[in-house]
Amino acid sequence: MDFISRGFRGRPREQAPAGRLPPGQYMVRDFPVLSAGPTPHTPLSRWTFSITGEIDEPRQWTWEQFRALPTETITKDIHCVTKWSKFDTVWEGVSVDTLLDGVDTTAEYVLAFSDGGYTTNIPLQDLTEGKAWVAFAFGGEPLEPEHGGPARLLVPHLYFWKSAKWVRGLRLMSENSPGFWETYGYHDYGDPWREQRYSGD
Ligand SMILES: Nc1nc2c(c(=O)[nH]1)N[C@H]1C(S)=C(S)[C@@H](COP(=O)(O)O)O[C@H]1N2
Ligand SMILES: [Mo]
C-alpha cells in the first residue's frame, strides 16, 4: 500500500544539504528546459558575439575567434524562479571579464540580447570579477540547443532567467532598461537569496 500511495503522489522530494537551497526552492537532479519561444538554430558560420552600446569601439567575435579565447571550467548551483535548484552544474565558458578586458566604459547596466529576441538586464558589476560567463559546454559536452547552445550567458548568483540562452551579445548602457521577463513583472535584479521573484519582492 505504501508503494501504491507513493507512486500516486509522485516521488518524494530529496532533502537538500543545509544552507545551500535559497528560500522557497527545491532540489532537482534533472535539467528542466524553460524557453519562452522556439529554439533558434543559428549556424556557427553565422554566429557572432558582440559588445555594443556605451563603448568606444564595439567588439565582435566570430565563433572561431570566440572559441580561441581563454576558457574556464565553472561549477555552480543554479536557481530557477519556478523554484527548482540544481547543484554543482559544470560548465565551460569564457569569462565576461575576458570579453570586457581593456574596455573603458561609463556604463552601469547591461542588456544581454539573444537569437529569437530574448533580452535580460543585469547591472554591469554583476557580470564582472568572476561572476558571469558565456558558456558553450555543459557537463563536458557542447551545450545543447534546448539549453541555449551554441552559447548562453551564465550568471549563477541571480535567478536563472538572467542566464540568457542563445546569447549573441551585451549592450552596455548608462540607464537601466528592463528585459523580456522584467517587463512582464519579474524582479529587476533577481537575487534568489533575497527571494526577489517578482517586481516589488
Ligand atoms: N533566450 C532565452 N533565454 C532564456 C529563457 C528564454 O526563454 N529564452 N528562459 C530563461 C529562464 S526563465 C530560465 S529558468 C532559464 C532556463 O534554462 P534551461 O532551459 O537551460 O533550464 O533560461 C533563461 N534564459
Ligand atoms: Mo525561469
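Starting from 1, each residue takes its place in the sequence as its number. All figures in this text were calculated on a predicted structure; none of them were measured in a lab. Note that ligands are numbered from 1 as they come in the structure, with each ligand's atoms numbered from 1 the same way.
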Contacts satisfying side-chain hydrogen bond (donor to acceptor under 3.5 Å, both in side chains) that involve residues 145-159 (not counting sequence neighbours) are D126-H157

Tell me whether F31 has any N or O atom under 3.5 angstrom from an N or O of ligand 1. no

Q: Could you say whether the N/O atoms of D115 and ligand 1 ever approach to under 3.5 Å?
A: no

Can you label the angle between the F138 ring and the F31 ring as parallel, tilted or perpendicular, going by 30° and 60°?
tilted

Provide, to 0.1 Å, the distance between [atom] and the closest protein heavy atom, together with that atom's residue and name.
atom	value
atom 14 (S) of ligand 1	C80 SG, 3.2 Å
atom 3 (N) of ligand 1	K165 N, 2.8 Å
atom 22 (O) of ligand 1	R152 NH2, 3.2 Å
atom 24 (N) of ligand 1	S163 O, 3.2 Å
atom 12 (S) of ligand 1	W161 CB, 3.4 Å
atom 9 (N) of ligand 1	L34 O, 3.3 Å

Heavy-atom proximity to atom 23 (C) of ligand 1, picking from W84, F160, W166, points to F160

> Given G116, G148, P32, which has its nearest heavy atom closest to atom 21 (O) of ligand 1?
Replying inline: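 It is P32 whose heavy atom sits nearest to atom 21 (O) of ligand 1.
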
- Task: Only counting residues at least two apart or in another chain, list the ones meeting side-chain hydrogen bond (donor to acceptor under 3.5 Å, both in side chains) with N121.
- Result: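 side-chain hydrogen bond (donor to acceptor under 3.5 Å, both in side chains) check on N121 returns N176, D188.
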
In ligand 1, the atoms that come under 4.0 Å of a heavy atom of A36 are 6 (C), 7 (O)

Q.
Give the atom numbers and elements of ligand 1 that come within less than 4.0 Å of a heavy atom of S35.
A.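 Per the distance check, 7 (O).
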
